[in-house]
S.K.: 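Okay, here's the structure, questions in a sec.
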Amino acid sequence: HSADYFDFAGCADKEAAVKLLQEAFDNGLIEKVTYDAKRALHLLTPLGIKLEALHDDVLLQAYLLDGERGNYDLLELGCSYLNSSLMADRENALAQAADITLQLCDQLNPRMSEMQVDKVYRDIELPIVPVLYDIERAGFLVDTKVLAELSVVMDAEITRLTQAIYQLAGREFNVGSPAQLGDIFEELNFEVSKRTTTGKISTSRDVLDELAEKYELPRLIIEHRELAKLKGTYVDAFPSLVNAQTGRIHTTLNQTIAATGRLSSTDPNLQNIPIRTEMGRRIRRAFIPADGCVLLSADYSQIELRLLAHVTQDPVMLESFKHNEDIHERTARAVFKARTPEELKEKRRVAKIVNFGIAYVIGPFGLAQRTGLSRHEAKKVIEDYYATYKGVKKFMDELPQQARDAGDIVRSIYGRMRRLPDLSNRNGQLRARAEREAVNMPMQGSASDIVKLAMLHVDAALKREKLHAKMILQVHDELVFEVPRDEVERTGTVVKEAMEQAIKIDVPLLVEIGLGDNWMSAKP
DNA sequence: GGGATGGTGC
DNA sequence: CACCGCACCATCCCA
């Protein structure tokens with residue numbers, strides 16, 4: 001083979017150039033191999049060029065073969081997978097890139113078959129590229145007026161808090177500086193025990209919570225931090241990120257970052273928009289649909305817990321989901337022997353925390369911290385939990401060794417692979433961490449598979465049904481759509497069906513649909 | 001520029 | 001004693 005490049009920028013007759021490119025890219029008989037197909041779509045689509053017969057994307061291949069190598073630069077991949085010693089060719093960098101891409105593809109395809117990640121590649125990662133592209137291009141409409149008003153409100157509140165903090169501290173200082181806050185703690189003779197890794201006084205949230213029981217100042221610091229965080233990260237940042245052409249915010253969905261197969265979102269990250277606090281919810285209300293549309297949010301209900309039931313085959317948990325029970329309530333009754341309504345209320349709270357914690361292999365320490373139980377009580381709770389969910393216990397105990405036997409590899413249900421070399425590390429702490437990551441992968445990784453499959457199914461179903469809803473975001477277990485008002489009902493049905501039937505596992509998948517005039521009110 | 005610290009989400 | 005999985009991003013502060 002040979003490689004060449006086309007200097008589009010230096011071309012006098014742009015129209016003729018586009019036409020030439022179009023003939024090649026539109027032609028479904030000419031198979032294309034890319035490095036970063038989503039980027040190619042961003043470049044080609046505005047020129048009116050379709051990318052047909054996308055056969056391979058070496059960036060995705062490299063990610064699926066090793067999701068934890070941070071660097072996917074083409075030359076780095078070349079060094080790792082090609083025999084030839086590569087030197088960056090400054091003269092012919094573009095031709096070289098094309099050449100390396102094709103060579104890599106030939107190397108990586110057989111490796112993918114060997115490692116059995118070809119299925120997740122062909123069925124999920126490669127076909128989802130245009131769906132992700134469409135989401136990025138669609139963007140999310142934001143009411144900047146709501147944000148501007150919020151900014152003023154927050155500013156006034158931050159100023160008020162700052163003055164009150166100065167009063168209590170006895171002097172002025174930079175409230176945003178943990179180091180200076182630490183100095184204040186010393187001056188006020190607060191009993192501060194926890195230190196950071198670098199020996200400084202810790203001013204983290206749990207330290208502040210502790211101190212807040214006795215003092216006013218830390219309470220105000222907590223409030224100040226919340227507001228400063230929300231204002232700085234979201235309210236004041238978003239207006240400048242609104243695209244001048246579209247008037248919308250266009251995030252980037254990264255497909256090759258998370259080791260578990262999740263997407264990540266940057267510039268801005270729309271996957272961590274606040275929801276917990278009242279101020280946070282007010283920010284969510286700034287995310288709105290276009291005129292004539294409503295927002296539709298579709299959430300998988302407890303997808304990771306359902307997957308826990310599926311992969312562990314725990315009979316109690318399977319049964320519970322099959323009967324569509326409230327799993328936290330079931331746990332409260334079965335594990336914590338809740339009987340009366342009052343008991344149930346409190347024990348359900350703890351049960352919920354344990355259920356969520358279990359996916360991360362929560363220990364007595366972590367559970368105690370989250371529930372307010374003592375370490376001793378937390379230990380007992382975990383024991384009781386495993387006594388009820390024996391299949392879960394067995395799975396937790398056996399998976400790390402199974403993974404070691406498989407060559408320090410764990411997989412999601414669709415065959416997505418995660419390498420965990422530290423499963424065999426002699427350092428106990430690193431090994432323990434790898435074991436937690438191993439246990440988490442079947443849940444988080446499989447959930448990623450399912451949501452991605454769902455995105456493909458929904459995309460196809462909307463096209464098939466000639467519906468005009470646009471998918472505008474994915475937030476791990478949630479899909480957000482902008483839907484024309486007169487199609488809301490049918491779209492809801494189609495989306496729910498496509499998501500719930502995305503894959504067949506041993507428990508039903510349940511999707512909750514919400515509608516609203518902003519992202520907050522659309523949350524089911 | 002980058003580590004340390006802290007804080008949002010699922 | 002030790003921190004519980006996956007991300008992104010802000011500010012501070014020293015280099």
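Within every chain, numbering begins at 1; the chains are lettered A, B, ... in the order of the sequence lines, protein sequences first and strands thereafter. Computed over heavy atoms, backbone and side chain alike; hydrogens, waters and symmetry mates excluded.
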S.K.: Heavy atoms under 4.0 Å, any strand shown: does A/Gln180 hit a base, just sugar-phosphate, or nothing?
M.R.: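 Sugar-phosphate, backbone atoms only, no base.
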S.K.: With a 4.0 Å cut-off on heavy atoms, is A/Leu263 in touch with a base, just the backbone sugar-phosphate, or nothing at all?
M.R.: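 Result for A/Leu263 = nothing.
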S.K.: Report the nucleotide, chosen from C/dG5, C/dC9, B/dG6, that has the shortest atom-to-atom distance to any side-chain atom of A/Pro178.
M.R.: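 Taking heavy atoms from C-beta onward, the closest nucleotide is B/dG6.
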S.K.: From C-beta outward on A/Ala179, which listed nucleotide comes closest to its side chain: B/dG7, C/dG5, C/dC13?
M.R.: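 Nearest to the side-chain atoms of A/Ala179, counting from C-beta on, is C/dC13.
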S.K.: If you pin A/Gly232 and A/Glu68 to their nearest nucleotides in DNA chain C, which one's is more 5'?
M.R.: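 Taking each residue's closest nucleotide, the earlier one in sequence belongs to A/Glu68.
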S.K.: Within the structure, does a side-chain N or O atom of A/Arg262 lie under 4.0 Å from either OP1 or OP2 of B/dG9?
M.R.: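 A/Arg262 to B/dG9 OP1/OP2: no side-chain N or O under 4.0 Å.
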S.K.: Specify the separation, in whole Å, of atom CG of A/Leu181 and atom P of C/dC13.
M.R.: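 Between P of C/dC13 and CG of A/Leu181: 11 Å.
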S.K.: So what does A/Ser448 touch, heavy atoms closer than 4.0 Å: a base, only the sugar-phosphate, or nothing?
M.R.: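 Here A/Ser448 touches no strand at all.
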S.K.: Using both distances under 3.5 Å as the test, list the Watson-Crick or G-U wobble partner of B/dT8, or none.
M.R.: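 In the structure as shown, B/dT8 has C/dA7 as its Watson-Crick or wobble partner.
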S.K.: Under 4.0 Å between a side-chain nitrogen and a carboxylate oxygen: does that hold for A/Glu136 and A/Arg39?
M.R.: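 No, this pair does not count.
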S.K.: Side chain of A/Lys229 only, please: which of C/dG5, B/dG6, C/dC8 is the nearest?
M.R.: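 Selected nucleotide (nearest to the side chain): B/dG6.
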S.K.: Choosing from B/dT8, C/dG5, B/dG9, which nucleotide comes nearest the side chain of A/His476?
M.R.: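 So the side chain of A/His476 is nearest to B/dG9.
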S.K.: Checking all strands, does A/Asp206 fall into the base, sugar-phosphate, or nothing category for heavy-atom contacts under 4.0 angstrom?
M.R.: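 No contact.
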S.K.: Which heavy-atom pair separates A/Pro127 from A/Tyr121 by the least distance, and what is that distance?
M.R.: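 Looks like CD-O, 3.7 Å.
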S.K.: With a cut-off of less than 4.0 Å, is there a side-chain N or O of A/Arg433 near OP1 or OP2 of C/dC6?
M.R.: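 Checking C/dC6 against A/Arg433, a side-chain N or O does come within under 4.0 Å of OP1 or OP2.
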S.K.: Expressed in angstrom and rounded to an integer, what is the separation of A/Ile221 atom CD1 from C/dT11 atom P?
M.R.: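 In whole Å, C/dT11 P and A/Ile221 CD1 are 17 Å from each other.
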S.K.: Of the nucleotides C/dG5, B/dG6, B/dG9, which has the atom closest to the A/Arg276 side chain?
M.R.: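 For A/Arg276, the side-chain atoms sit closest to B/dG9.
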S.K.: Out of C/dG5, C/dA7, C/dC6, which nucleotide sits closest to the side chain of A/Ser264?
M.R.: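 In terms of side-chain proximity for A/Ser264, the closest of C/dG5, C/dA7, C/dC6 is C/dA7.
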S.K.: From C/dC8, B/dC10, B/dT8, pick the nucleotide closest to the side chain of A/Pro274?
M.R.: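 Out of C/dC8, B/dC10, B/dT8, the nucleotide with an atom closest to A/Pro274's side chain is B/dT8.
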S.K.: Could you check how far CG of A/Leu399 sits from P of C/dG5, rounded to whole Å?
M.R.: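 Atom CG in A/Leu399 sits about 15 Å away from atom P in C/dG5.
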S.K.: So, applying side-chain contact (heavy atoms from CB on, under 4.5 Å) with A/Leu208, which one of A/Leu217, A/Leu220, A/Ile221 is it?
M.R.: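 Of all the options given, the one that passes is A/Ile221.
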S.K.: Is any side-chain N or O of A/Thr260 closer than 4.0 Å to OP1 or OP2 of C/dA7?
M.R.: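 A/Thr260 to C/dA7 OP1/OP2: no side-chain N or O under 4.0 Å.
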S.K.: Quick check on DNA chain C: between A/Ala237 and A/Arg418, whose nearest nucleotide comes earlier from the 5' end?
M.R.: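 The residue whose closest nucleotide sits nearer the 5' end is A/Arg418.
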S.K.: Does A/Asn272 reach a base, just sugar-phosphate, or nothing at all? Heavy atoms under 4.0 Å.
M.R.: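 The residue A/Asn272 makes base contact.
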S.K.: In this structure, how many angstroms lie between the P atom of B/dC10 and the CD atom of A/Glu512, rounded?
M.R.: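 These atoms are roughly 14 Å apart.
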S.K.: Does B/dG7 have OP1 or OP2 under 4.0 Å away from a side-chain N or O of A/Arg225?
M.R.: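 True: A/Arg225 side-chain N/O within range (under 4.0 Å) of B/dG7 OP1/OP2.
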S.K.: For B/dG6 versus C/dC3, give the span between their P atoms, rounded off to a whole number of Å.
M.R.: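 About 16 Å, rounded to a whole number of Å.
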S.K.: Measure from the side chain of A/Gln444, starting at C-beta and using heavy atoms only, and say which of B/dT8, C/dA7, C/dG5 lies closest.
M.R.: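 That would be C/dG5.
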S.K.: For A/Glu478, which contact category applies under a 4.0 Å heavy-atom criterion: base, sugar-phosphate, or nothing?
M.R.: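 Nothing, no nucleic acid heavy atom in range.
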S.K.: Would you say the side-chain atoms of A/Asp267 and A/Thr252 include a donor-acceptor pair closer than 3.5 Å?
M.R.: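 There is no such pair (donor and acceptor under 3.5 Å, judged by atom type) between the side chains of A/Asp267 and A/Thr252.
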S.K.: Under 4.0 Å, counting only non-hydrogen atoms across every strand here, what does A/Gly366 touch: a base, just sugar-phosphate, or nothing?
M.R.: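 Touches a base.
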S.K.: Rounded to whole Å, how long is the line connecting atom CG of A/Leu253 with atom P of C/dA7?
M.R.: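 So the two atoms are 15 Å apart, to the nearest Å.
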S.K.: Mind checking A/Ile362 for me? I need base, sugar-phosphate or nothing, with any heavy atom below 4.0 Å counting as a touch.
M.R.: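 Touches a base.
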S.K.: Between A/Asn440 and A/Thr260, is there a side-chain donor-acceptor contact under 3.5 Å, judged purely by atom types and distance?
M.R.: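 Distance-only check fails for A/Thr260 and A/Asn440.
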S.K.: In whole angstroms, how far is the P atom of B/dC10 from the CG atom of A/Asn269?
M.R.: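 My rounded result for the distance is 11 Å.
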S.K.: Taking atom P of B/dT8 as reference, at what distance in whole Å does atom NE2 of A/His224 sit?
M.R.: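 The distance from NE2 of A/His224 to P of B/dT8 comes to 13 Å, rounded to the nearest Å.
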S.K.: Is A/Arg219 salt-bridged to A/Glu223, cutoff N-O under 4.0 Å?
M.R.: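 So A/Arg219 pairs with A/Glu223 through a salt bridge.
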S.K.: Checking all strands, does A/Gln369 fall into the base, sugar-phosphate, or nothing category for heavy-atom contacts under 4.0 angstrom?
M.R.: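 Nothing, no nucleic acid heavy atom in range.
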S.K.: What is the distance, rounded to the nearest whole Å, between atom CG of A/Asp183 and atom P of C/dC12?
M.R.: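 It works out to 15 Å between those atoms.
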S.K.: Using a strict cut-off of less than 4.0 Å between a Lys/Arg side-chain nitrogen and an Asp/Glu carboxylate oxygen, indicate whether A/Glu187 and A/Arg171 qualify as a salt bridge.
M.R.: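 Between A/Arg171 and A/Glu187 there is a salt bridge, with a charged N closer than 4.0 Å to a carboxylate O.
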S.K.: Using a heavy-atom cut-off of 4.0 Å across all strands, would you classify A/Ala432 as base, sugar-phosphate, or nothing?
M.R.: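 Counting heavy atoms under 4.0 Å across all strands, no contact is made by A/Ala432.
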S.K.: Would you mind telling me which of C/dG5, B/dG9, C/dC8 lies closest to the side-chain atoms of A/Asn254?
M.R.: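 Side chain of A/Asn254 sits closest to C/dC8.
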S.K.: Pick base, sugar-phosphate or nothing for A/Arg375, based on heavy-atom distances below 4.0 Å to the nucleic acid.
M.R.: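 Base: the residue A/Arg375, judged by heavy atoms under 4.0 Å, touches a nucleobase.
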S.K.: For a quick check of understanding: with a heavy-atom distance under 4.0 Å over all strands, which category does A/Leu367 fall into, base, sugar-phosphate or nothing?
M.R.: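 Nothing, no nucleic acid heavy atom in range.
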S.K.: What contact category does A/Ala359 fall into here, base, sugar-phosphate, or nothing, at under 4.0 angstrom with non-hydrogen atoms?
M.R.: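 It contacts nothing in the nucleic acid.
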S.K.: May I ask you to verify if any side-chain N or O of A/Gln271 is less than 4.0 angstrom from the OP1 or OP2 atom of C/dC6?
M.R.: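 Negative; the distance criterion is not met.
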S.K.: May I ask you to verify if any side-chain N or O of A/Thr196 is less than 4.0 angstrom from the OP1 or OP2 atom of B/dT5?
M.R.: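 So the side chain of A/Thr196 is within the cut-off, an N or O lying under 4.0 Å from OP1 or OP2 of B/dT5.
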S.K.: Tell me if the aromatic rings of A/Tyr215 and A/Phe185 count as close, with their centers under 6.0 Å from one another.
M.R.: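 Distance test on ring centres: not under 6.0 Å, no.
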